[in-house]
Amino acid sequence: MLCLTHLTYCLIKIEQVRQQGEFESIHRDLNIGFGTWEFDPTEIENPFPENEGSVHIWQGDEDILVPVTLQRYIAQQLPWIYYHELTGEGHMFPYAEGNSDAILKALLLGQS
């Protein structure tokens, strides 16, 4: 069941994303996904070498915008990243009921 507050929040976020137009939003996403980056993500160094923090990636296995194979590869190359793959979820999984709460709980409690 989706609460009205969550629905209102989602609608506000959608309006913010589309404030420059849908074409511009998609254009920027494509530039990031298929453009040339100034760095290699697999060469990023652990920002928490003394384990004073952690880096997590949550990825839906049905995401059609960010390929799951890309995130799997990055997580394999950077063993200090905690990788969480969500079965049956797509790009907007944080907005599904309970998912954002589970993510925050894992971060706040230091769960891997």
Side-chain angles (χ1 to χ4, degrees):
M1 174 177 236
L2 185 63
C3 73
L4 188 56
T5 305
H6 184 70
L7 181 59
T8 303
Y9 174 77
C10 289
L11 292 174
I12 291 169
K13 287 295 184 188
I14 289 170
E15 289 305 314
Q16 288 176 342
V17 168
R18 295 182 178 163
Q19 67 186 350
Q20 294 179 339
E22 289 183 32
F23 174 78
E24 182 64 25
S25 295
I26 293 170
H27 182 257
R28 289 179 186 208
D29 287 346
L30 290 173
N31 278 338
I32 292 169
F34 298 102
T36 303
W37 292 13
E38 298 175 6
F39 66 97
D40 181 345
T42 62
E43 294 177 358
I44 296 173
E45 294 184 15
N46 185 350
F48 306 108
E50 304 299 321
N51 294 321
E52 67 274 19
S54 60
V55 177
H56 295 252
I57 294 176
W58 275 269
Q59 173 73 33
D61 69 349
E62 294 183 8
D63 192 329
I64 60 173
L65 295 177
V66 179
V68 69
T69 53
L70 173 64
Q71 300 294 39
R72 286 177 187 155
Y73 178 76
I74 290 173
Q76 288 171 352
Q77 300 305 306
L78 303 173
W80 45 268
I81 289 181
Y82 295 99
Y83 179 69
H84 311 270
E85 190 169 301
L86 304 171
T87 305
E89 297 288 350
H91 191 70
M92 302 299 284
F93 73 84
Y95 296 106
E97 187 174 339
N99 284 350
S100 58
D101 291 339
I103 291 169
L104 287 172
K105 183 178 177 183
L107 291 172
L108 292 172
L109 297 177
Q111 298 171 341
S112 57

Rounded to the nearest 0.5 Å, what's the gap from CG on Asn99 to CG on Leu104? Could you check?
11.0 Å
Straight-line distance of Glu62 CD to Glu89 CD, nearest 0.5 Å
8.0 Å
Among the clusters formed by ILVMFWY side chains lying less than 4.5 Å apart, do Leu70 and Leu78 turn up in the same one?
yes
Is any side-chain heavy atom of Trp80 closer than 4.5 Å to one of Pro49?
no
Contact check, side chains of Tyr73 and Thr42, non-hydrogen atoms, under 4.5 Å
yes
On a heavy-atom basis, the closest approach of Phe48 and Ser54 is CD1-N, 3.5 Å
Taking atom CD as the centre, does Glu45 end up with more than 12 heavy-atom neighbours from other residues, nucleotides or ligands that are less than 6.0 angstrom away?
no
Determine whether Ile57 and Ile44 fall in the same hydrophobic cluster, where Ile, Leu, Val, Met, Phe, Trp and Tyr are linked whenever their side-chain heavy atoms lie under 4.5 Å apart.
yes
Side-chain heavy atoms under 4.5 angstrom apart, residues restricted to Ile, Leu, Val, Met, Phe, Trp, Tyr: same cluster for Val68 and Leu65?
no
More than 12 heavy atoms of other residues, nucleotides or ligands under 6.0 Å from CD1 of Ile64: yes or no?
no
Is the side chain of Glu85 donor-acceptor paired with the backbone N or O of Arg72 at a distance under 3.5 Å, no angle test?
no
Distance check, rounded to the nearest 0.5 Å: Trp58 atom CH2 versus Leu86 atom CG?
9.0 Å
Under a 4.5 Å cut-off applied to non-hydrogen side-chain atoms, are Ile103 and Phe93 in contact?
yes
Do Val55 and Val66 belong together in a cluster built from hydrophobic side chains that touch within less than 4.5 Å?
no
Between atom OH of Tyr83 and atom CD1 of Ile74, what is the distance when rounded to the nearest 0.5 Å?
10.0 Å
